[in-house]
A.B. asks: 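One structure is given below, represented as structure tokens, and several questions about it will come after.
Basis for what follows: all heavy atoms, side chains included, without hydrogens, waters or symmetry-related copies.
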Amino acid sequence: MTRSLLNIAGLTAHYGDFQALFGVDLHLDAGETVAIIGANGAGKTTLMRAITAIARVTAGRIEL
């Protein structure tokens, strides 16, 4: 049985009034590798900041 390391469901994050993430879902099991890629301004850094509680999460859940 695989062990879940990270579950993100419906994640929404803001910087002030600016909404940077819109309903992100992500699931990562033990032994898996994930890469977050995208254009400038796509939300890669905001996702990492939300996971580490630096960015303000306004909806959704993060389970480590």
Side-chain angles (χ1 to χ4, degrees):
M1 184 169 129
T2 59
R3 192 177 106 179
S4 180
L5 295 180
L6 176 64
N7 282 309
I8 298 174
L11 185 67
T12 299
H14 284 77
Y15 288 111
D17 291 335
F18 176 74
Q19 185 173 354
L21 296 178
F22 297 79
V24 174
D25 296 323
L26 179 74
H27 177 86
L28 184 64
D29 285 329
E32 292 182 331
T33 303
V34 66
I36 307 297
I37 59 173
N40 291 344
K44 302 174 300 289
T45 300
T46 302
L47 176 60
M48 295 298 108
R49 288 180 177 178
I51 291 170
T52 57
I54 295 171
R56 183 174 65 129
V57 173
T58 54
R61 73 173 197 280
I62 301 171
E63 298 173 352
L64 289 170

A.B. asks: Checking D29 against H27: is there a side-chain donor and acceptor pair closer than 3.5 Å?
C.D. replies: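 Yes.
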A.B. asks: What is the distance from atom NE2 of H14 to atom CG of L21, rounded to the nearest 0.5 Å?
C.D. replies: 9.5 Å
A.B. asks: Between R49 and I51, is a side chain to side chain contact (heavy atoms under 4.5 Å, CB included) present by the stated rule, with each step listed?
C.D. replies: CA-CA 5 Å; R49 288 180 177 178; I51 291 170; over 6 Å; no
A.B. asks: Using every non-hydrogen atom in the two residues, find where A50 and A55 come nearest and quote the distance to one decimal.
C.D. replies: N-CB, 3.8 Å
A.B. asks: Assigning hydrophobic clusters by single linkage (Ile, Leu, Val, Met, Phe, Trp, Tyr; side-chain heavy-atom cutoff under 4.5 Å), is V24 placed with L28?
C.D. replies: yes
A.B. asks: Per the side chain to side chain contact (heavy atoms under 4.5 Å, CB included) rule, which among L47, L26, T46 passes with L11?
C.D. replies: L47
A.B. asks: Report the C-alpha distance between V57 and I62 in whole Å, list the side-chain angles of each, state the deciding distance to 0.1 Å, and finish with yes or no for side chain to side chain contact (heavy atoms under 4.5 Å, CB included).
C.D. replies: CA-CA 9 Å; V57 173; I62 301 171; 4.3 Å; yes
A.B. asks: Let me confirm one number: the CG-CD distance from L6 to E32, rounded to the nearest 0.5 Å.
C.D. replies: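 The CG atom of L6 sits 10.5 Å away from the CD atom of E32.
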A.B. asks: Closer than 3.5 angstrom, by distance alone: can the side chain of N7 be matched with the main-chain N or O of E63 as a donor-acceptor pair?
C.D. replies: no
A.B. asks: For residues 34-45, which side-chain N or O atoms pair as donor and acceptor with protein atoms under 3.5 Å away, sequence neighbours left out?
C.D. replies:
| unit_1 | atom_1 | unit_2 | atom_2 | d |
| --- | --- | --- | --- | --- |
| K44 | NZ | G38 | O | 3.0 |
| K44 | NZ | A39 | O | 2.8 |

